[in-house]
Amino acid sequence: MARIIAGVTSSHVPAIGAAIDLKKTEEPYWRRVFSGFERSKKWMANAKPDVVIAVYNDHASAFSVELIPTFALGCAAEFPPADEGWGPRPVPVVKGHPALASHIAQSVILDEFDLTIVNKMEVDHGLTVPLNLMFGSPAQWPCPVIPLAVNVVMYPPPTGHRCYMLGRAIRKAVRSYPEDLRVVVMGTGGMSHQISGPRAGLINSKFDKAYLDGLSRDPKKLTRISHMEFMREAGAEGIEMVMWLIMRGALDDKVKEVYRFYTVPASNTAVGHIILENIERKTKARRPAPVRQSPSKGRRAAATPTPPSPASGGGRGGGLVVRSKR
Ligand code: DHB
Ligand code: FE
């Protein structure tokens with residue numbers, strides 16, 4: 001059975017990608033940002049997920065105003081880089097996991113979340129910058145990545161609650177995939193930022209930090225934040241934070257916060273980052289199947305006979321059928 005082991009949030013500010021590509025990460029301004037991800041890269045190298053599901057938003061690289069899917073799941077075998085502004089980044093092609101992605105699409109759509117299935121797509125800084133922050137800059141990305149693009153660019157984006165519930169459906173989908181895969185879900189974008197108009201450069205650290213607290217301990221509270229509140233408190237692009245609720249919905253209710261980092265600004269944007277691990281439940285030791293002894297003379301075989309069960313063929317004496325608990 002596949003399972004989600006952890007969730008991560010990460011910024012996707014395009015200038016972070018440019019700093020990596022132009023080898024400026026050691027400059028004091030960028031050092032401050034990148035230093036916060038040193039521990040995260042170690043955590044990721046140690047976690048070694050088999051698959052990452054990356055919840056991100058496209059910036060008119062794959063989808064223009066002609067086509068605006070609310071939720072688009074990448075089911076392709078690979079996703080080449082593309083970008084606005086600086087052009088395609090010199091990063092490896094993102095390899096997908098078509099089998100798991102198709103399974104998620106089926107499970108989630110039958111659960112009444114009407115995803116768009118995407119079999120050909122390019123991915124921009126919204127996806128590749130978070131991959132760099134968590135994996136560094138390897139020659140190949142170390143595991144397949146399933147992109148889930150969310151519309152947070154054109155009104156109306158999905159509500160935080162809808163995102164959280166989609167995360168829940170993804171969690172169920174992953175758990176019903178038969179192969180033993182360890183999956184990390186990334187929620188990207190955020191935190192407070194506004195990149196145009198009179199409020200450009202808006203940063204609201206109080207709101208951001210409360211959001212990180214909520215993500216860790218009380219995510220359901222965050223699902224009640226309206227679009228207007230996000231925009232008022234966190235700027236027009238602060239709405240990207242709804243994507244983090246898909247990640248959070250895909251985790252268990254109780255999680256362990258293993259790391260957090262917050263710095264302002266990177267370009268126009270507050271960088272907030274958190275790593276939440278699902279708390280591993282010890283699977284109950286199975287009761288050993290009873291040894292069937294032939295009744296010895298003069299003694300009763302068993303104090304309480306077990307009823308026949310269909311799984312045991314309903315034969316004489318039944319027998320104990322140990323079913324694994326989910
Ligand atoms: C910036 C941030 C973004 O999320 C984005 O998509 C573009 C620019 C910025 O802060 O410069
Ligand atoms: Fe953005």
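Side-chain atoms are counted along with the backbone in the values below, which use heavy atoms only and exclude waters and symmetry mates. Order of listing sets the numbers, starting from 1, for every ligand and every atom in it. Worth saying up front: this structure is predicted, and the values here are computed from it rather than measured.
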My understanding is that we take every heavy atom of each candidate and find the minimum distance to [atom]. Doing that for [options], which one comes out nearest?
atom                    : options                      : answer
atom 11 (O) of ligand 1 : Ala266, Gly189, Ser267       : Ser267
atom 6 (O) of ligand 1  : His193, His59, Glu240        : His59
atom 7 (C) of ligand 1  : Gly235, Ser11, Pro14, Ala200 : Pro14

Whether Glu237 lies under 4.0 Å from ligand 1, heavy atom: no
Going by heavy atoms, is Ala15 under 4.0 Å from ligand 1? no
What atoms of ligand 1 come closer than 4.0 angstrom to any heavy atom of His125? 6 (O)
Just distances here: any N/O of Thr269 and N/O of ligand 1 closer than 3.5 Å? yes
Arg162 to Tyr164, cation-pi by 6.0 Å centre distance and 45° axis angle: no
Parallel, tilted or perpendicular for Tyr211 and Phe207, by the 30°/60° rule? parallel
Looking only at protein heavy atoms, identify the closest one to atom 4 (O) of ligand 1 and say how far it is in Å. His12 NE2, 2.9 Å
Below 4.0 angstrom, N of the basic side chain to O of the carboxylate: do Asp50 and Arg182 qualify? no
Are Arg171 and Asp252 within salt-bridge range, i.e. N to O under 4.0 Å? yes
Would you confirm whether Trp141, through its side chain, and Pro92, through its main-chain N or O, come within 3.5 Å as a donor-acceptor pair? yes
Flag the pair Tyr262 / His273 as yes when their ring centroid distance falls below 6.0 Å, and as no otherwise. no
Vertex the Fe ion (ligand 2), ends Glu240/OE2 and His59/NE2: angle to nearest 10° comes to 120°
Counting backbone and side chain alike, does His125 bring an N/O/S atom below 2.8 Å of the Fe ion (ligand 2)? no
Would you please say whether a donor-acceptor pair under 3.5 Å links the side chains of Glu38 and Trp43? no
